[in-house]
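We're numbering straight along the sequence, starting at 1. Atom set for the values below is all heavy atoms of this structure, side chains included, hydrogens, waters and symmetry mates excluded.
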Amino acid sequence: MRHQEEITRSAGIVGVITLLSRIMGYARDMVVAYFFGARAETDAFYVAFRIPNLLRRLLAEGSLTVSFIPIFTENLEKKGKEEAKKISDITFTLLLIVLILVSLVGVLLSPFIIKLFASGFKGEIFNLAVNLNRIMFPYILFASLTALSMGILNSLKHFFAPAFSPVIFNIVVIGTVLLIQQNFDLPIFSLAIGVMIGGFIQVAFQIPFLRNRGFLYQFRKNLRHPAVKQIALLMAPQLFGVAVYNLNILVSTQYASNLPEGTVSYLYYSERLIEFPLGIVAVSIATALLPNLSSQASKGELERFRASYSFALRLMLFVMVPALTGLISLRVPICNLLYQRGEFSYEATILTSQALLGYAVGLWAVGGVRITAPTFYAIQDTKSPVKIAFLAFIVNAIFGYILGFTFGLKHTGLALASSISSTFNFFLLFFALSRRMGEIEVKKTLMQVLKITLASLIMGVSAWKISAFYDWSQSGISLEKIGVFLASVLVSVALYFTIAKLLKVEEIGFLFDMIKRKARM
């Protein structure tokens, strides 16, 4: 029970701050949609920005961080702070050298990189994407150093600074666009400059928190250390695994670049909406879970390890299943409220909502993957997720082409293919973990899922019925529009919790009991 409370409390801290970050992220998207809409220029920006983002996941968040945390945590607990500090310094030095070289190569080879990601771009849109990519490619340096800092601070059980830094990033991007976009012949360049300034400030924000805990980075001349070799050995297959994940996005982007103008933007805007519940719930739980699992694995506490994972999975599904139901039921009102103004039309709202439907179907599976994959990293097994990710990539590529082109579903087909691939990925990961670690309370989890699904379906129908009282083709903001939307959300959420309580869903009881204990303190 104590480790469950620790995971829930830590995930709660990350979740609340991440909620603020997501709100600011949507404020940023609203600004972008207002000034730039969903057209060729935004397609060029999102392709150009996606490239350093993917490399960040490949070199930092996706491979280094998940390989670094278990080794760093193990040395911190067994050998002390001084040894852990040495590991973080060497990792920082190596990462900085690699990222500077990668940034230089990326800037020089931007035309080839854009062609690799979006061969459908021609003429002006291709040149614009190349120039935007050259401005933003060094963002990988700032974002990766932020990710390393996040790994260190999270291992030290400090979650505020890493979770809050994206808030600062979004504020800087918004401010930059508002202040300087009118100074460019192509205002979209102001967005690229905002990304770079925001990335630098993200890194700077972590420094005081690292210094206070005695982990401020220092350059190391001697880059040899057994633990660093361990990290490198863990990273090798993980690099391939994340590369497979990035291949998914590369293929989807290639497909999208060969579809009508605006397709890349529709997919981006809908992905951002999917990332909201994922960031608040799945990523927050996974962030809090990995250090706990790493600690339990290093101590050989396999029963607690299984219990922690099983609880985290059920807690994620308790929120993610109603979230996907809500996104499907309210997809048009959500896109209308967030995006439909300025250069963003009602047609763009409908097309974005179609992509949102495709992604939302697999939201629970994406959350499951983000919670299950770290369990393998915690036990220092990076090969299993790689093999499974490669199979999921093949599934995504095949279904993306079939649904997007053969069946003519276009961007909706690409989103559905992603959901099918994520579902396939999760089930294979779950069964592989069960074989590796033993029984993971499957029957108990399935029973909870059935209860959650029933409550979510009733919730979704109520949300859809209430939202139908307004005509969502109208642009802009009005009190009536906001009132209908809030009513549909609040009534349906209250209904979900009520039904979950009546069905005796364990997670809601746990949350309520914990809140009551906190209130008595």
Side-chain angles (χ1 to χ4, degrees), residues 29 38 43 46-47 49-51 53-54 57-58 61-62 117-118 120 241-260 262-279 281-283 286 316-317 320-321 323-328 331 334-335 351-373 385-386 388-430:
D29 290 341
D43 284 357
Y46 290 129
V47 167
F49 184 46
R50 172 162 279 175
I51 294 166
N53 253 335
L54 293 182
R57 294 171 186 169
L58 178 64
E61 290 181 358
F117 275 79
V242 181
V244 169
Y245 170 78
N246 289 342
L247 282 175
N248 271 317
I249 298 177
L250 188 152
V251 169
S252 296
T253 305
Q254 277 285 12
Y255 287 163
S257 73
N258 286 280
L259 289 171
T263 297
V264 174
S265 298
Y266 305 143
L267 291 171
Y268 172 80
Y269 286 125
S270 56
E271 279 179 317
R272 290 284 297 157
L273 294 170
I274 290 297
E275 284 295 328
F276 184 79
L278 283 175
V281 183
V283 175
M316 180 276 297
L317 291 171
M320 206 61 71
V321 174
L324 74 87
T325 307
L327 285 171
I328 292 173
R331 60 188 183 278
I334 290 171
C335 292
L351 293 170
T352 302
S353 70
Q354 291 170 354
L356 179 58
L357 170 63
Y359 282 127
V361 170
L363 180 61
W364 67 275
V366 180
V369 170
R370 294 199 182 185
I371 289 208
T372 307
V386 169
I388 292 170
F390 183 73
L391 294 175
F393 158 69
I394 295 174
V395 169
N396 183 53
I398 293 172
F399 277 93
Y401 186 83
I402 292 173
L403 296 176
F405 295 93
T406 305
F407 286 2
L409 295 179
K410 300 179 182 177
H411 58 287
T412 308
L414 299 184
L416 283 170
S418 177
S419 291
I420 293 170
S421 173
S422 296
T423 302
F424 179 80
N425 196 345
F426 169 68
F427 278 124
L428 287 188
L429 280 172
F430 184 83

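A distance of 13.0 Å separates OG in S418 from CZ in F399, rounded to the nearest 0.5 Å. In this structure, CG on D29 lies 11.0 Å from OG on S265, to the nearest 0.5 angstrom. Note that CD of Q254 and CG of N258 are 6.5 Å apart. Values are rounded to the nearest 0.5 Å. For the atom pair CD1 of I402 and CG of L409, the computed distance is 11.5 Å after rounding to the nearest 0.5 Å. Within the model, atoms OG of S353 and CD1 of I328 stand 12.0 Å from one another, a figure rounded to the nearest 0.5 Å. Here CZ of F424 is found 8.5 Å from CD1 of I394. Values are rounded to the nearest 0.5 Å.
The two atoms that bring A38 and Y269 nearest to each other are CB-CE1, 4.2 Å, heavy atoms only. The shortest heavy-atom contact between D43 and G262 is OD2-N, 2.8 Å.
Within the 4.5 Å cutoff, the side chain of I420 has heavy atoms near those of the L403 side chain. The shortest distance between side-chain heavy atoms of S257 and V47 does not fall below 4.5 Å. Counting heavy atoms from C-beta outward, V369 and L429 have side chains that approach closer than 4.5 Å.
Under the 6.0 Å cut-off for aromatic ring centres, Y401 and F407 do not qualify, their centroids lying 6.0 Å or more apart.
Legend: residues meeting side chain to side chain contact (heavy atoms under 4.5 Å, CB included) with S270, ordered by chain and number and at least two apart, are T352, A355, L356, Y359. Legend: residues meeting side-chain hydrogen bond (donor to acceptor under 3.5 Å, both in side chains) with T412, ordered by chain and number and at least two apart, are absent. Evaluation of the side chain to side chain contact (heavy atoms under 4.5 Å, CB included) rule for A256 yields T263, V264, L267, L414 as partners, not counting sequence neighbours. In this view, L351 and Y266, E347, Q354, H411 satisfy the side chain to side chain contact (heavy atoms under 4.5 Å, CB included) rule, not counting sequence neighbours. Remark: N425 pairs with no residue by the side-chain hydrogen bond (donor to acceptor under 3.5 Å, both in side chains) rule, at least two apart or across chains. Among residues two or more places apart in sequence or in another chain, the side-chain hydrogen bond (donor to acceptor under 3.5 Å, both in side chains) test is passed with T372 by Y309.
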Could you walk me through whether T253 and Y46 satisfy the side chain to side chain contact (heavy atoms under 4.5 Å, CB included) test, starting with their C-alpha distance in whole Å, then the side-chain angles of each, then the deciding distance to 0.1 Å, before giving a yes or no? CA-CA 10 Å; T253 305; Y46 290 129; over 6 Å; no
Are L324 and V361 close enough, and set up right, to give a side chain to side chain contact (heavy atoms under 4.5 Å, CB included), and what steps lead you there? CA-CA 7 Å; L324 74 87; V361 170; over 6 Å; no
Applying side chain to side chain contact (heavy atoms under 4.5 Å, CB included), run through C335 and L273 and close with a yes or a no. CA-CA 9 Å; C335 292; L273 294 170; 3.9 Å; yes
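Side chain of S422 to backbone of V366: no donor-acceptor contact under 3.5 angstrom is found.
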